[in-house]
Amino acid sequence: MSKNLVIVESPAKAKTIEKFLGSDYQVMSSFGHIRDLAEKGIGIDFEHNYKPLYVVSSDKKKVVSELKKAAKEAETVWLASDEDREGEAIAWHLFDELKLDKKKTRRIVFHEITKDAIVKAIENPREIDDHLVDAQQARRVLDRIVGFELSPVLWKKVKPSLSAGRVQSVAVRLIVEREREINNFVAESSYRVNAVFQAVDVKGNPAELKAELQHRFSNKEDAMAFLEHSKGASFSISDIVTKPAKKSPAPPFTTSTLQQEAARKLGFSVSQTMRVAQTLYESGKITYMRTDSVNLSDLALNTSRAEITSMAGEKYVKIRKFTTNTKGAQEAHEAIRPTYMNAHTIEGTAQEKKLYDLIWKRTIASQMADAELEKTSVFINCSCNQHQFVATGEVIVFDGFLKVYLESTDDEDEEAADRLPALKANQSLKADEIVAQQRFTQKPPRYGEASLVRKLEELGIGRPSTYAPTITTIQNRSYVEKGDRPAEKRTFNMLVLKEGKISDKIKTENTGAEKSKLFPTDIGMVVNDFLTEYFPTILNYNFTAQVEKEFDSIADGKINWVSSIDKFYKQFHPVVEDTLKNSERQVGERILGTDPKSGRQISVKIGRFGPVAQIGTAEEEEKPVFASLRKDQLIETITLEDALELFKLPRQLGEFEGKEMTVAIGRFGPYIRHDGSFYSLPKTDDPLSVAAERAISIIEEKREAEKNKVIAVLGEQNEYQVLNGRFGPYFTFEKNNYKIPKSIDPKTLTADKCKELVEQQGTAKPKKKGFRKK
DNA sequence: CAGTGAGCGAGCTTCCGCTTGACTT
């Protein structure tokens with residue numbers, strides 16, 4: 001056995017390091033944390049100084065016993081986990097759980113996975129930093145207290161199985177508040193004036209010049225007056241100003257910026273990006289993908305320089321050191337970059353290739369020269385009034401980093417400025433057309449997954465390893481939903497001055513379309529309002545930043561972690577008790593008005609099966625009537641009229657074959673119910689107006705299709721049904737579906753053959769539980 | 001697999017951060 005055992009966090013890292021170290025070293029991985037607070041109960045002993053109850057996680061038992069065995073046989077154990085709070089804690093947990101001997105244990109850290117860095121680290125071992133470990137314990141215990149005391153409050157006051165936490169609850173709050181900003185938004189309009197001028201350039205050729213007026217008119221009258229004045233006016237260039245400008249490349253990728261760019265440029269979801277990056281990392285193509293550092297190693301800088309030089313020449317090189325200024329960044333790793341800068345492309349799936357390409361370009365561009373631009377502004381005066389038109393143009397003098405990469409923005413309607421024709425000052429222009437167009441202020445945009453991550457990072461909330469899981473959690477709890485909104489049609493006014501005449505037009509435009517954005521649900525809003533009312537401290541956007549400061553003091557040895565947690569708990573716990581005792585059950589009820597037909601109250605609330613509208617109240621003698629809200633409706637914004645619509649369904653359509661036909665909207669959309677069967681209504685039919693004859697033809701169509709679905713019925717009790725499915729022929733037996741091998745013609749299938757296939761394929765039902773657990 | 005909206009009570013749910021596989025449709 002080896003004399004030395006080195007323990008790192010990730011197996012991929014272990015593999016690389018093993019190559020650098022000689023045969024005297026065995027490198028193993030802990031696969032992250034090996035222990036955690038007990039899963040059952042709160043796992044903290046409040047009676048004894050908040051002593052954490054640590055348990056080896058069930059999926060780590062095997063790793064721990066293997067590490068224990070290897071440690072026993074080694075002369076020296078080197079704990080080489082990351083140099084941040086969590087990494088230090090991992091080292092300590094290993095030390096404690098493996099019962100290592102202090103004399104034969106060394107703590108080392110390295111920032112770069114190169115032979116030099118590792119050898120240097122081995123030459124400079126240190127002891128485990130107990131203060132840093134304490135800071136991690138404080139972090140862990142605080143999160144457990146917050147999560148495990150708040151969640152049960154929600155089970156009692158809102159709904160079972162809900163959850164709350166320092167990170168997720170703030171993430172939901174951001175989305176809920178943005179939604180309200182959007183709902184309360186009132187668009188204001190103003191008139192923007194653009195003109196097209198005819199000019200003659202310095203070579204005497206005709207040229208067109210598009211310019212915008214430096215002033216916006218707040219109303220139609222003023223815009224109209226301006227156009228009236230412009231009739232027959234003369235225009236001339238008063239000044240031409242040319243200024244140099246620079247554009248600099250963005251820093252290399254961190255987890256959060258990679259998620260944002262992959263979303264914008266490739267349309268990846270946050271978890272998709274991480275999945276693909278993980279495979280790139282495991283196959284050694286990129287460095288570690290969970291990082292908040294923008295730093296590049298010297299090796300990366302040198303190889304980037306070589307690549308850029310051979311690709312574009314020396315003058316395209318500009319080596320830069322980027323620094324991280326994100327709150328709470330811990331920089332245990334490098335930025336995300338290709339392992340080998342000379343690999344411009346890689347083998348792999350289409351997704352892997354695209355993501356790698358993005359990472360390669362971003363990294364290379366970060367070490368390239370600034371782009372040099374020339375911005376030209378042409379100022380145009382009018383003989384008629386004091387307002388000035390300006391035409392702006394942009395010319396790239398030197399492309400620099402733009403040769404390979406330009407970061408995208410979330411703002412789509414940025415117009416690229418073009419090159420302007422060469423003109424002279426004082427020359428006169430002819431106005432071809434002047435257009436005053438009504439423009440509206442834009443609603444704030446909803447968050448998407450990646451832009452929510454950016455906001456969280458900005459607030460210092462969450463870590464690179466938790467961004468994707470957090471986004472998944474708040475969707476799994478149904479606090480928010482990813483969805484689209486179609487564009488709305490909006491009319492706007494356009495005044496056009498052409499050939500001395502002003503025309504006044506009303507036009508329509510599509511606006512506000514959104515794709516893959518995060519929308520709060522009713523439950524999300526009710527939970528958020530409840531938590532922000534009773535636990536404002538935890539829901540405060542600065543809460544994490546404040547406790548991080550506290551953790552830093554613990555890490556510096558200035559304060560003791562137990563007294564820090566004690567201070568928090570003594571303040572927090574009574575609020576939990578008080579809320580349990582004194583708050584009402586939260587159903588988010590809103591009273592919309594009265595039913596014009598019955599005069600009874602109309603209200604909406606979260607009911608047993610979700611959001612529901614209700615006519616009347618439970619106290620009245622006559623029972624209330626209920627109708628579920630549609631998926632696109634919110635308790636907060638539904639109107640009385642919309643609510644009344646809901647009660648028009650289910651609707652009786654009349655009889656067919658002696659049985660009643662009913663039309664209603666269910667989970668899968670509108671349907672017709674007849675004689676115990678369901679028939680989906682095509683999108684083209686409106687459930688509120690569909691007639692009996694149409695319903696009958698829908699029923700008959702479906703029956704016809706069903707008939708074609710059955711290929712054969714086999715077996716003594718007709719227990720095998722051979723059917724035509726979406727994915728080709730299959731058969732059913734005791735509620736399970738079975739594949740029919742391609743070699744067999746389904747028409748020739750026999751009962752005996754079916755029996756054989758059932759035995760072959762087994763009756764195992766999918767185990768949904770184990771899948772959901774993690 | 002589309003309906004449901006009384007109420008009681010047993011037993012369960014839940015956090016954040018480190019890290020990878022095993023699982024299926």
Side-chain angles (χ1 to χ4, degrees), chain A residues 8-14 29-37 39-44 57 59-60 63 81-82 84-91 93 136 139-156 159-169 275 278-279 281-282 288-290 330 332 461-467 469-470 473 477 538 544 587 605-614 618 623-628 650 662-673 676-681 727 737 764-774:
Chain A
V8 294
E9 283 162 73
S10 124
K13 200 168 168 181
S29 158
S30 76
F31 293 84
H33 275 297
I34 52 155
R35 318 192 284 198
D36 191 15
L37 295 177
E39 258 186 80
K40 273 218 171 127
I42 197 147
I44 299 162
S57 331
D59 54 333
K60 294 292 166 60
V63 184
S81 46
D82 295 341
D84 56 6
R85 202 162 62 204
E86 298 296 329
E88 203 66 22
I90 288 173
H93 278 300
Q136 194 274 347
R139 199 279 303 154
R140 183 67 193 92
V141 166
L142 178 106
D143 281 337
R144 173 56 71 88
I145 291 174
V146 170
F148 275 40
E149 294 219 345
L150 281 189
S151 299
V153 177
L154 295 180
W155 305 342
K156 291 205 179 68
K159 214 178 106 165
S161 301
L162 295 178
S163 65
R166 173 176 59 81
V167 173
Q168 60 169 288
S169 296
R275 222 173 16 245
Q278 175 90 28
T279 54
Y281 168 66
E282 282 171 11
Y288 198 60
M289 64 284 157
R290 291 188 275 262
Q330 300 192 25
I461 299 170
R463 304 278 313 129
S465 65
T466 60
Y467 294 139
T470 301
T473 299
R477 299 271 174 275
I538 310 292
T544 291
V587 292
K605 67 170 190 192
I606 295 177
R608 274 211 294 162
F609 309 107
V612 69
Q614 179 178 344
K623 270 195 174 183
V625 184
F626 296 94
S628 287
T662 321
V663 60
I665 295 179
R667 280 212 311 193
F668 308 132
Y671 66 93
I672 296 158
R673 194 175 171 190
S677 300
F678 298 93
Y679 305 88
S680 286
L681 211 60
F727 310 115
N737 295 344
K765 280 231 163 195
K767 290 178 282 177
K768 271 232 164 98
K769 232 186 158 185
F771 192 56
R772 274 192 51 187
K773 184 92 188 158
K774 251 250 130 140

**Request:** Quick one: the dot-bracket string of DNA chain B, using Watson-Crick and G-U wobble pairs with both distances under 3.5 Å, [ ] for crossing pairs and | for bases paired to another strand.
**Result:** .........................
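Judged by atom type and distance alone, A/R140 reaches the base of B/dC15 through a side-chain donor-acceptor pair under 3.5 Å. Taking only distance into account, the side chain of A/R290 never meets the base of B/dC18 through a donor-acceptor pair shorter than 3.5 Å.
Summarising the geometry, the separation between CG on A/D59 and C1' on B/dG17 is reported as 14 Å, rounded to the nearest angstrom. Rounded to whole Å, the distance from NZ on A/K623 to P on B/dG5 is 7 Å. Distance A/Y467 OH to B/dG17 P: 9 Å, rounded to the nearest Å. Going from atom CD1 of A/I34 over to atom P of B/dG17 covers 20 Å, rounded to whole Å. Rounded to whole Å, the distance from CD1 on A/I42 to C1' on B/dT13 is 14 Å.
The shortest distance between the side-chain N/O atoms of A/T466 and the OP1/OP2 oxygens of B/dC16 is not below 4.0 Å. Neither OP1 nor OP2 of B/dT19 sits under 4.0 Å from any side-chain N or O of A/R35. The side chain of A/Y288 contributes an N or O atom lying less than 4.0 Å from OP1 or OP2 of B/dT19. Phosphate contact (OP1/OP2 of B/dG5, side-chain N/O of A/Q614, threshold under 4.0 Å): absent. A sub-4.0 Å separation between OP1 or OP2 of B/dG17 and a side-chain N or O of A/R166 is present. Between A/S10 and B/dT19, a side-chain N or O to OP1/OP2 separation shorter than 4.0 Å is absent. Contact annotation: A/S163 side-chain N/O to B/dC15 OP1/OP2 distance is under 4.0 Å. Residue A/Q168 has a polar side-chain atom (N or O) positioned under 4.0 Å from OP1 or OP2 of B/dC15. The phosphate of B/dA6 has neither OP1 nor OP2 within less than 4.0 Å of any side-chain N or O from A/R608.
Across B/dT13, B/dT14, B/dG17, the shortest atom-to-atom separation from the side chain of A/P160 is found for B/dT13. Which of B/dG5, B/dT13, B/dT20 sits closest to the side chain of A/M289 comes down to B/dT20. Comparing atom distances between the A/S465 side chain and each of B/dC15, B/dT19, B/dT13 picks out B/dT19 as nearest. Comparing atom distances between the A/F609 side chain and each of B/dT4, B/dC18, B/dT13 picks out B/dT4 as nearest. Listed nucleotides: B/dG17, B/dA2, B/dC15. Nearest to the side chain of A/Y671: B/dA2.
Residue A/L162 is in sugar-phosphate contact alone, with no base atom involved, counting any heavy-atom pair closer than 4.0 Å across all strands shown. As judged by a 4.0 angstrom heavy-atom cut-off over every strand, A/P11 is placed among residues touching the sugar-phosphate backbone only. Within 4.0 Å (heavy atoms only), A/G87 reaches no atom of the nucleic acid at all. Residue A/G610 is in base contact, counting any heavy-atom pair closer than 4.0 Å across all strands shown. Residue contacts for A/S680: at a heavy-atom cut-off of 4.0 Å it reaches a base atom on one of the strands shown. Counting any heavy atom pair closer than 4.0 Å across all strands shown, A/A164 reaches sugar-phosphate atoms only and no base atom. Across all strands, A/Q278 comes closer than 4.0 Å only to sugar-phosphate atoms, never to a base (heavy-atom distances). A/S628 comes within 4.0 angstrom of a nucleotide base, judged by non-hydrogen atoms across all strands. Using a 4.0 Å heavy-atom cutoff across all strands shown, A/Y281 reaches sugar-phosphate atoms only and no base atom. Heavy atoms of A/G32 sit under 4.0 angstrom from at least one base atom.
Residue-to-nucleotide proximity on DNA chain B shows that, of A/V167 and A/K159, the 5′-proximal contact is made by A/K159. Projected onto DNA chain B by closest heavy-atom contact, A/P670 and A/E282 fall at different nucleotides, the more 5' of which corresponds to A/P670.
Stacking of A/F148 onto the six-membered ring of B/dT14 is present: less than 5.5 angstrom between centres, less than 30° between planes.
Each of A/V153, A/V146, A/I145 was checked for a side-chain contact (heavy atoms from CB on, under 4.5 Å) with A/E149, and the lone residue meeting it is A/I145. The side chain to side chain donor-acceptor pair (under 3.5 Å) test with A/D36 is passed by exactly one of A/R140, A/K60, A/R144: A/R140.
For A/S151 (side chain) and A/G147 (main-chain N/O), a donor-acceptor pair under 3.5 Å exists by modelled atom type.
There is no side-chain donor-acceptor pair under 3.5 Å between A/R290 and A/S465.
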